[in-house]
Structure formats: C-alpha cells, structure tokens
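If you read the sequence from its start, that first residue is 1, and numbering goes on from there. Both backbone and side-chain heavy atoms feed into the values below; hydrogens, waters and symmetry mates do not.
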Amino acid sequence: MDVTVIGTGRMGGALVRRLVSQGFNVYAWNRTKDRLRGLPAKPIDDVSQARGLTFIFVSDDEALSTVRGVGGELIVLSGTYSINAVTAFNIRFTGMGIGLLAAPVVGGPADIEGGTAIYLVGGPENAYQRAREVFDRLGVVIRLPTVESAMALKLAYNAFLIGSMALLGEYVALGRTFGVNDEALKDLLMKTAFKGVAERYMDRMLKPKSPPSFTLALAAKDMHYAVKSAGDTKTPPSLFHQPLSPSMSY
C-alpha cells in the first residue's frame, strides 16, 4: 500500500521510518530537500505526486496554508494547527472531492517509531475505514467525530501538559529555595496522585539524557493556537469562570 508523508521534520521523519518498518511503500516531500536525505522513502518533487494515504506534517498554520494541489487518495493532517486553519483546509479539500482526516499525534518521535504514539483521528467514518489498515499499524487510535474535534483535543492536551510542566518547575524551584533536595520532592510525588507525572517527567526535566523533542518554540506555538481557538469561539478560558456545581464547591 502506498503512503506519502508531506513534511519530514523530526515527527514526519519518524512517521516515515515507522511506515517503512510496517511494510508500506513510502513517498516523502519536504520544501527543504536536505530533510529527505537518509530517510528510507522515495522522494517526490512536488506534493501533487503524492500517492495513496497522504499525511501532512508541516510545521504550522502558515506552512499549511501553502499546501495546495496535494495528490493521493485521502489526506491526513497530523501536525498541530489552529482550529480555523483546519476548518479552512477541510473546506478547501473536501470541496474538491478529496477525503480528509485530522490525526494529530500525542507523543514524540520515539513514540511514533516504536508504535506507542496516540493518534487522535477525527473525521467521517467512511474516510477512517479507508485509512484503518495504516492506523492499525501505527499505534493507539482515539476516534473523534470531526477534524475540528480532533485538533481541539490535541490543543487542550498540549495546553494541559505545558501548564503542568510549568507548575512542576515551580514546585522544584520552591523546594530548592528552602533546601529540599530533588529526590525528596520526587519521593513525595511518588506517594500521591501525581506518581505518573513524577515517573514520566521529573527525571527528564532534571537529568535529561538527550535534547528535548518538544521545544519552547513548539510549546509557545501550541499555546497560541489553543488560546486563539478559545478566543475565536468565545470559550471561557477557565472552568472557574463558570458556576460551580455543589460537588465542586469548597
């Protein structure tokens, strides 16, 4: 089965390697040709040459707006974009009779290559069934009804994750200010509901073994898209701007 990846940065490149490892015929395009070197995919000169299921992993809204004339049988948006950008892209391509799914990824390059990434797949069921053979070999799938709902869930998750990491950093800094060593801080978290946070993130934050794949620039972009999407839809920025139910009062 033919699969194409448009945009081969760290995430797109990892997806190429995962697809090849699962036996798919993989084609790839990047506006910077050097990004195709070393990838086990057949390079294409233009996005119109895309074949089969076509994943789009370009960097941001601006890059997405320049993607036009994409070939292939079905398009999958796997980067992280604003809701408005996804809606505009959806209208443009479905109006041309080309099927579209959104499948933003929860996880990093290692998760994609290892088959443990989570794909938030939104869009029509008939489109998903056409792509299911591929998704079954990629990782865990959570189905959403629309492309917008899939992207909204990714933005909500990233905003929650980024906020949690910021609070974790404040927690560590406060403890250190008063002479509490990092192991004592971690030990406390391990005995509470935050055990998973301590296990997964504390050592990575304090004793990194490799450069981070989720940079501050990416975090800023995703937070901007989350806030913008909330503002565009007049979504309250906080649960506490809404009346509390009796069970939520203090």
Inset, instruction - Output every pair passing ring pair (Phe, Tyr, Trp, His ring centres under 6.0 Å) with a member in residues 56-110, not counting sequence neighbours, ordered by first then second residue. - result: F89-F93
Legend entry - Sub-4.5 Å side-chain heavy-atom contact between V141 and R132: no
Inset, instruction - Could you tell me which residues satisfy ring-ring contact (aromatic ring centres under 6.0 Å, His included) with F194, sequence neighbours excluded, listed by chain and number? - result: none
Inset, instruction - Taking all heavy atoms of R92 and all of V67, pick out the closest pair and write down the distance. - result: NH1-O, 3.1 Å
Inset, instruction - List in chain and number order the residues that pass side-chain hydrogen bond (donor to acceptor under 3.5 Å, both in side chains) with T54, two or more places apart in sequence or in another chain; answer none if no residue qualifies. - result: none
Inset, instruction - Show your working on side chain to side chain contact (heavy atoms under 4.5 Å, CB included) between L161 and Y201 and close with a plain yes or no. - result: CA-CA 11 Å; L161 177 62; Y201 294 109; 3.5 Å; yes
Legend entry - Shared hydrophobic cluster for V140 and Y157 (ILVMFWY, side-chain gaps under 4.5 Å): yes
Legend entry - Sequence neighbours excluded - side chain to side chain donor-acceptor pair (under 3.5 Å) pairs with any residue from residues 161-176: R176-D182
Inset, instruction - Would you check if P40 and V16 make a side-chain contact, meaning some heavy-atom pair closer than 4.5 Å? - result: yes
Inset, instruction - State plainly whether one hydrophobic cluster holds both L138 and M151, where clusters connect Ile, Leu, Val, Met, Phe, Trp and Tyr through side-chain heavy atoms under 4.5 angstrom apart. - result: no
Legend entry - Inter- and intrachain pairs under salt bridge (charged side-chain N to carboxylate O under 4.0 Å, His left out), touching residues 54-74, at least two apart: none
Inset, instruction - Report yes if some heavy atom in the side chain of N126 is under 4.5 Å from a heavy atom in the side chain of R130; otherwise report no. - result: no
Inset, instruction - Would you check if the side chain of R143 reaches a backbone N or O of G123 as a donor-acceptor pair within less than 3.5 Å? - result: yes
Inset, instruction - Determine whether more than 12 heavy atoms belonging to other residues, nucleotides or ligands lie under 6.0 Å from atom CZ of R17. - result: yes
Inset, instruction - Check whether L53 and V147 end up in the same hydrophobic cluster, where Ile, Leu, Val, Met, Phe, Trp and Tyr are linked by side-chain heavy atoms less than 4.5 Å apart. - result: no
Inset, instruction - Check side-chain hydrogen bond (donor to acceptor under 3.5 Å, both in side chains) between D46 and all other residues, then give those that pass, not counting sequence neighbours. - result: S48
Legend entry - Set of residues satisfying side-chain contact (heavy atoms from CB on, under 4.5 Å) with respect to A226, sequence neighbours excluded: L155, A159
Inset, instruction - Would you list the pairs meeting ring pair (Phe, Tyr, Trp, His ring centres under 6.0 Å) in which at least one residue belongs to residues 15-55, sequence neighbours left out? - result: F55-F135
Legend entry - For the student: nearest non-hydrogen atoms of A150 and V121, plus distance: CB-C, 4.3 Å
Inset, instruction - Give a yes or no on whether K195 atom NZ has more than 12 heavy-atom contacts from other residues, nucleotides or ligands under 6.0 Å away. - result: no
Inset, instruction - Compare all side-chain heavy atoms of L15 with those of L19 and state whether any distance is below 4.5 angstrom. - result: yes
Inset, instruction - Indicate yes or no: at least one non-hydrogen side-chain atom of M202 is less than 4.5 angstrom from one of V197. - result: no
Inset, instruction - With sequence neighbours left out, write down each residue that passes side-chain hydrogen bond (donor to acceptor under 3.5 Å, both in side chains) with R137, or none if nothing qualifies. - result: E133
Legend entry - Audit row: V134, V76, side chain to side chain contact (heavy atoms under 4.5 Å, CB included) steps and yes/no: CA-CA 11 Å; V134 175; V76 180; over 6 Å; no
Legend entry - Contact summary for T192 and L188, nearest pair of heavy atoms: CG2-O, 3.1 Å
Inset, instruction - Look at the side-chain heavy atoms of Ile, Leu, Val, Met, Phe, Trp and Tyr, link any pair under 4.5 Å apart, and say whether I75 and I6 land in one connected group. - result: yes
Pairs of donor and acceptor atoms involving the side chains of residues 104-112, under 3.5 Å and at least two apart or interchain, shall be tabulated with distances.
from : atom 1 : to   : atom 2 : distance (Å)
D111 : OD1    : T116 : OG1    : 3.3
D111 : OD2    : G108 : N      : 2.7

Inset, instruction - With sequence neighbours left out, write down each residue that passes side-chain hydrogen bond (donor to acceptor under 3.5 Å, both in side chains) with S65, or none if nothing qualifies. - result: none
Inset, instruction - Give a yes or no on this: more than 12 heavy atoms of other residues, nucleotides or ligands lie within 6.0 Å of atom NZ of K33. - result: yes
Inset, instruction - List the atom of A50, the atom of I44, and the distance in Å for their closest heavy-atom pair. - result: N-CD1, 3.8 Å
Legend entry - Partners passing salt bridge (charged side-chain N to carboxylate O under 4.0 Å, His left out) against R31 (at least two apart in sequence or in another chain): none
Legend entry - T8 to L36 - nearest heavy-atom pair and separation: OG1-CD2, 3.7 Å
Inset, instruction - Can you see which heavy atom on R35 is nearest to which on L39, and at what distance? - result: O-CD1, 3.5 Å
Inset, instruction - Check for a donor-acceptor pair, side chain of K221 on one end and backbone N or O of T80 on the other, with a separation under 3.5 Å. - result: yes
